Amino acid sequence: MAPTPTPVGGVVRAVQVADPQAEPALVEVPLREPGPGTVRIAVEACGVCHSDLLIAAGLLPGTTFPVTPGHEIAGRIDALGDGVEGRQLGDRVAVGWFGGSCGRCDACRDGDAILCPQLQIPGAAYPGGYADSVVVPADALAAVPDELTAAEAAPLACAGVTVFNALRRSAARPGDTVAILGLGGLGHLGVQFAHAMGFRTVAIARGAEKEPLAHKLGADHYIDSTAGSVADALQALGGAKVVLATVTNADAMSATVDGLGRRGELVIVGVSPDRLSISPLQLIAADRRVYAHSSGAALDTQDTLRFAARTGVRAWTEEVPLEETAAAVAKMAAGRARFRMVVTTGR
């Protein structure tokens, strides 16, 4: 398919945040040309992630205002910078939290580029995807399978790869019991991926009313965390090999530890500034582990997209036009999204 035509007059729309206290506003900005090693993407869709609030608040190092957030980007390449190989105009691509790295440090050379000290995050390192167009390093690109629309691919480039990568790098193997703590933007994908990977999938959330949703997403069992001890409920199922914590509540995470089985793992992907309440005795008793996992590099995103395309895993999304980005961000921030907001440009 031919690439999307360049906007007339060299001007494109973008959503900017003028300062940490400002609301997102739609403005016109000059169309950027890609430099060496970069490509320009005609954005078709961009997911709205909770981490965008950190960028808009100026909490990430290197952020300068005005800022255009957005790091769940899907679209088509419409311009190539010098030296870019293996990419063509019109290629369908996605970019997530991993927006480029140095390629030289120990982390990059060891295949761990997501932990590069010079990691570039769209929105913080350069203008992000709440726009008609974005210029990104070529090493940040993941190919989008034909089976996925842009709106389906965008949230998988951050939320999707985060839970998919965490699960596939965990100790769990097909048939093992894996519990997903939380049924929000990350958790609803975690349940789907866990089911598709062949795990005996347990969903944990607050309230009996969420049980039908959990089973619809693919959970074999549901635990209402308000009805009793989550740890006891997990042990009644034989103990969990892995609990994937997608919530932002440290107490809820801590409450699952005694529900881990032999050499079980609590894998944390939800962000919280609060301390976990876990004793060494709880861990030593069954050789348990607690660790965190952060997203993935471009190849991990590409693997996520391919797996989702083959298995039918999809983010449940609400789509809004770029002009309504401020409302989409507000709905996400208030916890009213079901389950990922996605802004589209009309391409």
Side-chain angles (χ1 to χ4, degrees), residues 4 12-17 23-26 41-56 67-76 92-99 121-123 127-134 136 140-164 183-193 213 217 246 295 301-302 304-305 307-309 312-347:
T4 305
V12 294
R13 300 173 301 164
V15 173
Q16 288 187 344
V17 178
E23 295 294 319
L26 189 67
I41 300 173
V43 178
E44 297 174 349
C46 186
V48 178
C49 180
H50 201 273
S51 298
D52 290 333
L53 299 179
L54 301 178
I55 294 172
V67 64
T68 296
H71 61 270
E72 295 184 344
I73 305 163
R76 295 180 184 273
R92 302 184 67 226
V93 294
V95 180
W97 184 259
F98 177 84
I121 301 167
Y130 294 178
D132 285 323
S133 177
V134 61
V136 306
L141 301 176
V144 175
D146 292 339
E147 295 90 340
L148 299 177
T149 67
E152 290 172 336
L156 293 175
C158 179
V161 66
T162 297
V163 295
F164 173 77
L183 281 179
L186 290 174
H188 89 289
L189 284 168
V191 171
Q192 291 182 71
F193 277 120
L213 168 63
L217 290 167
T246 70
S295 194
T301 299
Q302 190 162 288
T304 303
L305 295 171
F307 186 89
V313 172
R314 299 291 187 275
W316 290 17
T317 62
E318 295 182 49
E319 297 180 35
V320 300
L322 185 65
E323 307 91 274
E324 299 178 20
T325 299
V329 172
K331 189 170 185 178
M332 176 275 298
R336 294 184 288 108
R338 187 177 171 94
F339 286 95
R340 306 293 293 189
M341 302 300 299
V342 177
V343 297
T344 59
T345 62
R347 286 188 167 91

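Source: prediction; values computed, not measured. For the numbers below, each heavy atom of this structure counts, side chains included, while hydrogens, waters and symmetry mates do not.
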Please report the shortest heavy-atom distance between [X] and [Y], naming the atom on each side.
X    : Y    : value
Q192 : V313 : OE1-CA, 3.6 Å
A328 : V320 : CB-CG2, 3.7 Å
T317 : A151 : CG2-O, 4.3 Å

Side chain to side chain contact (heavy atoms under 4.5 Å, CB included) with V43: of V12, I73, D132, only one passes, and it is I73
Taking [Y]'s backbone N and O only, do any of them form a donor-acceptor pair with [X]'s side chain (distance below 3.5 Å, no angle check)?
X    : Y    : value
E44  : A74  : no
H188 : W316 : yes
R92  : P145 : yes

Point-to-point distance, once rounded to the nearest 0.5 Å, from [atom1] of [X] to [atom2] of [Y]:
X    : Y    : atom1 : atom2 : answer
L141 : T301 : CG    : OG1   : 10.5 Å
C49  : L186 : SG    : CG    : 7.0 Å
T162 : L189 : OG1   : CG    : 9.5 Å

Residues passing the side-chain contact (heavy atoms from CB on, under 4.5 Å) test with A94, sequence neighbours excluded, are V144, A157, L305
Sorted by chain and number, sequence neighbours left out, side-chain contact (heavy atoms from CB on, under 4.5 Å) with A337 holds for M341
task = Using the side-chain contact (heavy atoms from CB on, under 4.5 Å) rule, take Y130 and D52 through it: C-alpha gap first, then chi angles, then the decisive distance, then the call.
result = CA-CA 10 Å; Y130 294 178; D52 290 333; 2.6 Å; yes
- prompt: Would you call the rings of W97 and H71 parallel, tilted or perpendicular, where under 30° means parallel and over 60° means perpendicular?
  reply: perpendicular
Salt bridge (Lys or Arg N to Asp or Glu O under 4.0 Å) pairs touching residues 318-329, sequence neighbours excluded, are R13-E323, E318-K331
